[in-house]
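Naming: A, B, ... by sequence-line order, numbering from 1 per chain.
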There are 2 protein chains.
Amino acid sequence: MQGGKEAVIVDAVMQMIREKKLIPGEKLPSENELAEEFTAPRITVRKALQQLEARGHVYTIKGKGRFLKEEAKPIHLHLTGSESFTDKMTEAGYNLKTVNISCQKEPSRSPIYQKLEGNVYKVSRLRLIENEPMAIHQSYVSELAFPDIDRDGPSISSMFAYYRKHGYKEFTSNGTYLCVRFPTSEEQKRLNCNSMIPLIVLESNTIDCESGKILEFNEIIYRSDKFKYDMTR
Amino acid sequence: MQGGKEAVIVDAVMQMIREKKLIPGEKLPSENELAEEFTAPRITVRKALQQLEARGHVYTIKGKGRFLKEEAKPIHLHLTGSESFTDKMTEAGYNLKTVNISCQKEPSRSPIYQKLEGNVYKVSRLRLIENEPMAIHQSYVSELAFPDIDRDGPSISSMFAYYRKHGYKEFTSNGTYLCVRFPTSEEQKRLNCNSMIPLIVLESNTIDCESGKILEFNEIIYRSDKFKYDMTR
DNA sequence: ACACAAAAACTTGGCGCCAAGTTACGATTG
DNA sequence: CAATCGTAACTTGGCGCCAAGTTTTTGTGT
């Protein structure tokens, strides 16, 4: 895989973007122009530009050219507080909406069965801010703990509210891990993002403070480009 | 940009990897085989496979095929403690080495001049664990605070040691932000990674506890795939 | 029957050219 | 002179085929 020239072209365009030499909506140089400028075959230029598009920086109109995308101002998100995502966004004045995507029984091969017993259901919710999909919240809940989860799950929007309805009042967690990965095609559709927008995934759990009982394991999947992640304690 | 089939193929191969249907070193199906299986043009398959390669999952040998890369076991890294990276790794028993990459004066257009006065030098160090490049640490230091930074910078491996030599004893910071971005071609070389390995960048500063003086602004650039990031407080 | 060389079949990589869409320019018409 | 239409020049997108490397099969000689 010939990466040298392609990387140089990607670097050069990224620098143009960073230094504001290109403004959002502005047309990028054409493939032919860049091929000449960098003394590279057109296919190499195309690969570089397609990489930029996959990363979400650029959109393409056939016959017209490629244009720099407008980038939204990232939303400040405190990653290390104990407040829920909902509370954080609401307090900051954002219009937050939650849409339940699905409630599905996990297949028996799923690694969740190394952590939870009984039939485990994955409840997935899409979080939208100002009507734009920003994050996916997924909770893994056992039927042993919540026998009606299969029936209730498809209409749950807040897991905390659901747990409160079952008598749990205060919640904590005993560990949170962060990883970065790329969206599946399904996630691309849900989050309206390109194939190479990295997702920040926080894996954690929810524990009832009083009994120490694990209520769920969860994953919060954020678009990495939509938030400014504050790690300050 | 035709993304549908490409994304489906990427998903399918990623699933094969996740479910251990492919073991490291094993050969992937050829472009022609996948083109037939997914009823897609060969160029679409190639794009999908090249995406997997750019993400670091696959390596290619021309004439032979594509093979699944061995993935190292991620190193546990506590992101929210106050210990230095060096202390964390050393305490965990890893063989950590630091190589000074460069010390360069920041160009006048640099955004660092909105935060620091005087000539600012960027001191870059490469952090290797078991001789494998894992992270880049970059400190932005002003000549006003450290008049000899230009001369001393190229041989600095520990900023904390340098500050201690100047009489500073205890350090804190007043904020840390996390973002995810892709490596420049230079970073790809330094970190020995492909173009689409996301980097986790922690931006912070170092403050002298006693005087409250800002000693530096810094960025720690981690390969996102090499660590298991523990966010637990 | 075995060993070696050549050819065929397979693999990924690259390129030229045509396909499909848009814009600009020149010619024609009212 | 302005408006409209057709053509050329430009744009990105896709495909067939050849390039370059590897492996397998076939043919030949001992």
Side-chain angles (χ1 to χ4, degrees), chain A residues 1-10 12-14 16-17 21-70 185 188 194-196, chain B residues 1-10 12-14 16-17 21-70 185 188 194-196:
Chain A
M1 180 158 140
Q2 110 115 279
K5 274 279 166 78
E6 189 182 326
V8 168
I9 295 166
V10 168
V13 177
M14 286 301 292
M16 285 165 76
I17 294 170
K21 284 175 182 166
L22 280 173
I23 62 172
E26 187 171 351
K27 185 176 169 310
L28 269 65
S30 74
E31 290 178 0
N32 285 326
E33 282 168 343
L34 289 170
E36 193 177 326
E37 182 180 340
F38 289 95
T39 319
R42 196 176 138 214
I43 191 65
T44 303
V45 173
R46 185 182 300 181
K47 281 184 182 170
L49 294 173
Q50 282 173 349
Q51 196 184 135
L52 289 166
E53 182 164 10
R55 295 184 189 186
H57 298 294
V58 167
Y59 63 95
T60 301
I61 300 173
K62 180 171 170 181
K64 207 166 174 169
R66 289 181 174 91
F67 301 83
L68 185 65
K69 258 193 191 170
E70 180 109 39
S185 54
Q188 285 173 51
N194 296 344
S195 62
M196 290 295 200
Chain B
M1 180 157 139
Q2 110 115 277
K5 274 279 166 79
E6 188 181 326
V8 168
I9 296 166
V10 169
V13 178
M14 286 302 294
M16 284 165 73
I17 293 171
K21 283 177 184 166
L22 280 173
I23 60 172
E26 187 171 351
K27 185 177 168 309
L28 268 65
S30 75
E31 291 179 358
N32 286 326
E33 283 167 345
L34 290 170
E36 194 176 325
E37 183 179 339
F38 290 95
T39 319
R42 196 177 134 212
I43 191 66
T44 303
V45 174
R46 185 181 301 183
K47 282 183 181 170
L49 294 174
Q50 283 173 347
Q51 197 185 134
L52 289 167
E53 181 163 11
R55 294 186 189 183
H57 298 294
V58 167
Y59 63 95
T60 301
I61 300 173
K62 182 172 171 180
K64 209 165 172 169
R66 290 184 173 88
F67 301 83
L68 185 65
K69 258 194 191 170
E70 181 109 38
S185 53
Q188 286 173 50
N194 296 343
S195 62
M196 291 295 198

Undergrad: Think A:S30 has a side-chain N or O under 4.0 angstrom from the OP1 or OP2 of D:dT11?
TA: yes
Undergrad: Using whole Å, report how far CG of A:N32 lies from C1' of C:dG16.
TA: 13 Å
Undergrad: Any heavy-atom pair between the side chains of A:V10 and A:R55 that's under 4.5 Å?
TA: yes
Undergrad: Going by modelled atom types, is there a donor-acceptor pair between the base of C:dG14 and the side chain of A:R42 at under 3.5 Å?
TA: no
Undergrad: Where is the tightest heavy-atom contact between B:N194 and B:A54, given as atom of each residue plus distance?
TA: CB-O, 3.1 Å
Undergrad: Side-chain contact test, heavy atoms from C-beta onward, threshold under 4.5 Å: evaluate it for B:R46 versus B:R42 and give yes or no.
TA: yes
Undergrad: What is the distance from CG of A:L49 to P of D:dG14, rounded to the nearest Å?
TA: 15 Å
Undergrad: Can you tell me how far CE of A:M196 sits from OG of B:S195, rounded to the nearest 0.5 angstrom?
TA: 7.0 Å
Undergrad: Measure NZ/A:K47 against P/C:dT12 and give the value in whole Å, please.
TA: 14 Å
Undergrad: Hey, are the side chains of B:V13 and B:R66 touching, using non-hydrogen atoms and a 4.5 Å cut-off?
TA: no
Undergrad: With respect to the side chain of B:E33, which nucleotide from C:dT11, D:dG14, C:dG14 is positioned closest?
TA: C:dT11
Undergrad: Compare every heavy atom of B:L49 with every heavy atom of B:L28, then report the nearest pair and how far apart it is.
TA: CD2-CD2, 4.0 Å
Undergrad: What residues from residues 61-70 of chain B pass a heavy-atom cutoff of under 4.0 Å to DNA chain C?
TA: B:K62, B:G63, B:K64, B:G65, B:R66
Undergrad: Angle, rounded to 10°, between the helical axes spanning five pairs at each terminus of the helix from C:dA1-D:dT30 to C:dG30-D:dC1?
TA: 40°
Undergrad: Rounded to the nearest Å, what distance is computed from the CG atom of residue A:L34 to the C1' atom of nucleotide D:dT12?
TA: 13 Å
Undergrad: Can you find a heavy atom in the side chain of B:K64 that is under 4.5 Å from one in the side chain of B:K27?
TA: no
Undergrad: Just so I know, are the side chains of B:F38 and B:V45 near enough to count as touching, which here means a heavy-atom distance under 4.5 Å?
TA: no
Undergrad: Check the distance between C:dG13's P and A:K5's NZ and give it to me in whole angstrom.
TA: 19 Å
Undergrad: Check whether any side-chain N or O of B:K5 sits under 3.5 Å from a backbone N or O of B:T39 as a donor-acceptor pair, and report yes or no.
TA: yes
Undergrad: On DNA chain C, nearest-nucleotide positions of B:I43 versus B:E31: which is more 5'?
TA: B:E31
